[in-house]
Amino acid sequence: MVYHNLKALIKGIRACKTVADERALIKQESAAIRASFREEDSYARHNNVAKLLYIHMLGSEAHFGQMECLKLVASPRFGDKRLGYLGIMLLLDESQEVLTLVTNSLKNDMNHSNMYAVGLALCTFADIASEEMSRDLANEIEKLLGSSNTYIRKKASLCALRVVRKVPDLSDHFVSKAKNLLADRNHGVLLTAITLVTEICQLDAACLDEFRNAVPLLVRHLKSLVTTGYSPEHDVLGITDPFLQVKILRLLRLLGRGDEKASETMNDILAQVATNTDSTKNVGNSILYETVMTVLEIEADSGLRVMAINILGKFLSNRDNNIRYVALNTLNKVVGIDTNAVQRHRNIILDCLRDGDISIRRRALELSYALINEGNVRVLIRELLAFLEVADDEFKLGMTTQICLAAERFAPNRRWHIDTVLRVLKLAGNFVREEILSAFIRLVAYTPELQAYTASKLYTSLRADISQESLTLAATWVLGEYSEIVLEGGLVDEDQPKPITDVQVVDLLLSILDSPYANYLTRQFVLTAITKISSRPTTSPAQQERIETILLSYTTSPELEIQQRAVEFASLYHLDVRSGVLERMPAPELKATVMGVVSENKPVGSVQPSKDGDLLGDEVPATTSSVNGNGQAAVPQNNEDLLKEIFGSSAPAAPAPGAPAQTQKSTVQDILGLFDSTPSPAAQPAQTEQQSLFASSTPVQPAPSTFSLPQAQSSVPQAPAQSRLTAYPAYDKNELKIILIPQTSAARPGVVNILARFQVSGSSPATGLNFQAAVPKSQQLQMLPMSNPDVQPGTVETQQMRVVAPVGANVRLRLRISYSLAGRSIQDQVDFAGFPPGLTSGATS
């Protein structure tokens, strides 16, 4: 059956009972339309194209009607032109070869006497214009921008926008006409003209100066919209043309950025918009948001910035989740501009941590990290720990890292720092990074006043819960190293020390071996811990025999590392060197974080337990003098001391006070030279310059009996650290930020150690990150593996590099980055030369 018009075809398709019937009908009708096209029946062409477009919208093939659409466009009848142009927009795109045949028709109709025919040509051009068509018709578009007809000017502006996007080189053709259009009184023309100007300014920054003269004109337009009364033609929920207001604000943002004069011109109107716009309706909130973004990006005065941040704070109390999300997202971007203004809204930001929407919780969490400082660290960390207790698992890894980093940077004293990390280990011990655990162990080792307190807390926590892996590892390490302190002084968790026996300590550690939570690593830690406990004088002979029996039982373990440890530990039992091999581990080398002063430099804090048992309670600061368990001053052990222990006393002893310094090169110094290290004075009581807590360093392989946390392997020795480290941003695109931190030494000019830090700014992780670097031929480069190729939100991954360059030469790097973000593969390459001159001369970085 052949349908003579579109209405009949629609009725026939709707009458089909099955999909197969519908397809058969469409196939039959398509064949009939093809036959009609071959007959060149101009009268039926209009109906056939209309039916064909309906078939196309149903998803069936209709490309064979493209030429018929071109024939309709050439018709003098307006109805045929309208249908022909509609068919061209539906059936053609800018990649079709047939499009070249349309150019001439468009040019003719752009000069048509009927403005509606001109409008059809302009609409079609704005929809399908290719680069070639844009070049051919750019002059026609420029001419129509000066038309006296507002209908044509509006559509010509959109066509000019298409030309600018397709061929940015032609943007200068429209600058003068676009400036004239900014003075137009018609809202439609003004809206499209501002869109065109915005696009030109974004594509060519040189055009900004051309349009900055129009800032007073734009301010008058915006003031007219804000102060005008009710206008039924442009009113949207009581606000006059909010779309035009938003467009003007976005253009003002571009023009005011980096220009004080233009910014000063628009300050008053921005304040007026912010105070006069109704915030109870969504349309008003959209204008307020654009106003805030404009204020924050231009050279506005401080009062205006505070007002903008207060508007965002008001958004946080809105019931609409979308508005709260936008406010949190924006505050995350501007918190570095005016942190104090954002701090005023700290309470409501913390309330957002309890929101039911996971996106809002994530953004509030990121903002909370940025707000932490020395003044509010106790309050914010307490809130974050409360949230950690109920947070989803996907938050915990980032939270534990950020909480511990903040505690390291802003801790008022070491007691509070230890309490904070202990609380983290208890709440989310299965989500603590290895670097955090290593830093905690290092902190305990350098705080002898709190070793008894820390060991007591860990013992009590481990008895209550052995399911948290990091808590288990930390407790096992501390109890193995400092068991005699706990056995001699008892548990200091209570007001009065509570006695504890070696049987209880050993029973607790052995219970880990039999628990379902034990794994390969925890078994290694437990075997090492009980072996060290057996060598302490506070351990009874009965427990020593018990531990020996346990070690012998593991000499046949199917796990090679466990078996090797058990055999070596058991063989030590009857050797004279047992006590020396199993003595306390020397305190790890102090390191300074790139984020600030580490807690090892902070006051110790109260060494007495808090009465209320609150791990985060306030403590009374104590003196910073360090004493060991024997009441003597504790001196940090340096590389020279360690080598003296290993190789005997072949090195000269430290000179007495007042004696002249030894100038002869010692054996220890020779050995240290092999490792590219400069010995520190043996009598130095503390180190003032520290190295990064989380930077990878060259580990010394321990003997089988030593007890240490696993460290990242490295082949590039660390340069001596500086007291101040400067970070240089190298890459900040596609939600990935890379910062380079150079370290130099005056003793080794020409050698620059560089720490690369990787962090994502969005909510999606950057996976499979591959970071490559190259240097000029006159320089040499060494790189270590990345700490983790998957950069999670809220975490920081690192990679070490070393550049050897001629003294005085500038360090230049070519960086190639590739990674996946939200299923999207990203590859990029940048050249970096941002390090200061003279870096290779050994200047302080």
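Values below: all heavy atoms of this structure, side chains included; hydrogens, waters and symmetry mates excluded.
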Non-hydrogen side-chain atoms of [X] and [Y] separated by less than 4.5 Å:
X	Y	answer
Arg220	Lys223	no
Tyr731	Lys737	no
Asp172	Ile200	no
Glu210	Asn213	no
Pro793	Val760	yes
Leu736	Leu769	yes
Leu208	Asp259	no
Asp732	Ile739	no

(request) Check each of Thr294, Leu296, Val295 against Arg253 using the side chain to side chain contact (heavy atoms under 4.5 Å, CB included) test, and report the only one that passes. (result) Thr294
Please find the pair of heavy atoms, one from [X] and one from [Y], that lie closest to each other, and give the distance.
X	Y	answer
Arg378	Pro412	NH2-CG, 3.4 Å
Ser359	Asp357	N-OD1, 2.8 Å
Ala341	Val306	CB-CG2, 4.3 Å
Val796	Arg433	O-NH2, 3.7 Å
Leu170	Ser134	CD1-O, 4.2 Å
Cys404	His417	O-NE2, 4.3 Å

Please round to the nearest 0.5 Å and tell me the distance separating atom [atom1] of [X] and atom [atom2] of [Y].
X	Y	atom1	atom2	value
Leu222	Leu252	CG	CG	6.5 Å
Leu122	Leu106	CG	CG	9.0 Å
Leu312	Thr330	CG	OG1	5.5 Å
Thr420	Arg382	OG1	CZ	9.5 Å
Thr150	Leu181	OG1	CG	11.5 Å
Leu316	Tyr325	CG	OH	13.5 Å

Hey, is the main chain of [Y] close enough, under 3.5 Å, to the side chain of [X] for a donor-acceptor pair?
X	Y	answer
Glu142	Phe174	no
Thr275	Gln272	yes
Lys155	Cys123	no
Arg153	Leu144	no
Ser147	Lys143	no
Gln245	Thr240	yes
Asp184	Val189	no
Ser825	Ser820	no
Asn376	Leu371	yes
Arg361	Cys352	no

(request) Show your reasoning for whether side-chain contact (heavy atoms from CB on, under 4.5 Å) applies to Phe387 and Met399. (result) CA-CA 9 Å; Phe387 178 62; Met399 284 195 68; 3.5 Å; yes
(request) Using the ring-ring contact (aromatic ring centres under 6.0 Å, His included) rule, take Tyr151 and Tyr116 through it: C-alpha gap first, then chi angles, then the decisive distance, then the call. (result) CA-CA 9 Å; Tyr151 175 81; Tyr116 296 107; 5.6 Å; yes
[X], [atom1]: over 12 other non-hydrogen atoms inside 6.0 angstrom:
X	atom1	result
Glu264	CD	no
Glu260	CD	no
Lys177	NZ	yes
Arg82	CZ	no

(request) Apply side-chain contact (heavy atoms from CB on, under 4.5 Å) to Leu384 and Ile372, showing your working. (result) CA-CA 11 Å; Leu384 291 175; Ile372 299 176; 3.9 Å; yes
(request) Go through the steps for Leu385 and Ile381 under the test side-chain contact (heavy atoms from CB on, under 4.5 Å), then give the verdict. (result) CA-CA 6 Å; Leu385 287 172; Ile381 293 296; 3.9 Å; yes
(message) Would you say the rings of Phe431 and Phe395 are close, in the sense that their centroids are separated by under 6.0 Å?
(response) no
(request) Tell me, please, which residues at least two apart from Phe125 pass ring-ring contact (aromatic ring centres under 6.0 Å, His included). (result) none
(request) With side-chain contact (heavy atoms from CB on, under 4.5 Å) as the test, would you mind laying out the steps for Ile817 and Gln829 before giving the verdict? (result) CA-CA 6 Å; Ile817 307 106; Gln829 178 174 305; over 6 Å; no
Do the side chains of [X] and [Y] get close enough for a salt bridge, i.e. N-O under 4.0 angstrom?
X	Y	value
Arg257	Glu299	no
Glu290	Arg250	yes
Glu131	Lys166	no

(request) Keeping to residues at least two apart or across chains, list the salt bridge (charged side-chain N to carboxylate O under 4.0 Å, His left out) pairs with something in residues 313-329. (result) Arg324-Asp355
(message) Check the orientation of Phe771 and Phe758. Use parallel for under 30°, tilted for 30 to 60°, and perpendicular for over 60°.
(response) perpendicular
(message) Go through it in stages, so that I can follow the logic: the residues are Arg423 and Glu389, the test is salt bridge (Lys or Arg N to Asp or Glu O under 4.0 Å), and I'd like the CA-CA distance, side-chain angles, deciding distance and then a yes or no.
(response) CA-CA 10 Å; Arg423 183 68 174 162; Glu389 194 168 0; 3.7 Å; yes
(message) Looking only at the side chains, is there a donor atom on one of Ser761 and Glu735 sitting less than 3.5 Å from an acceptor on the other?
(response) no
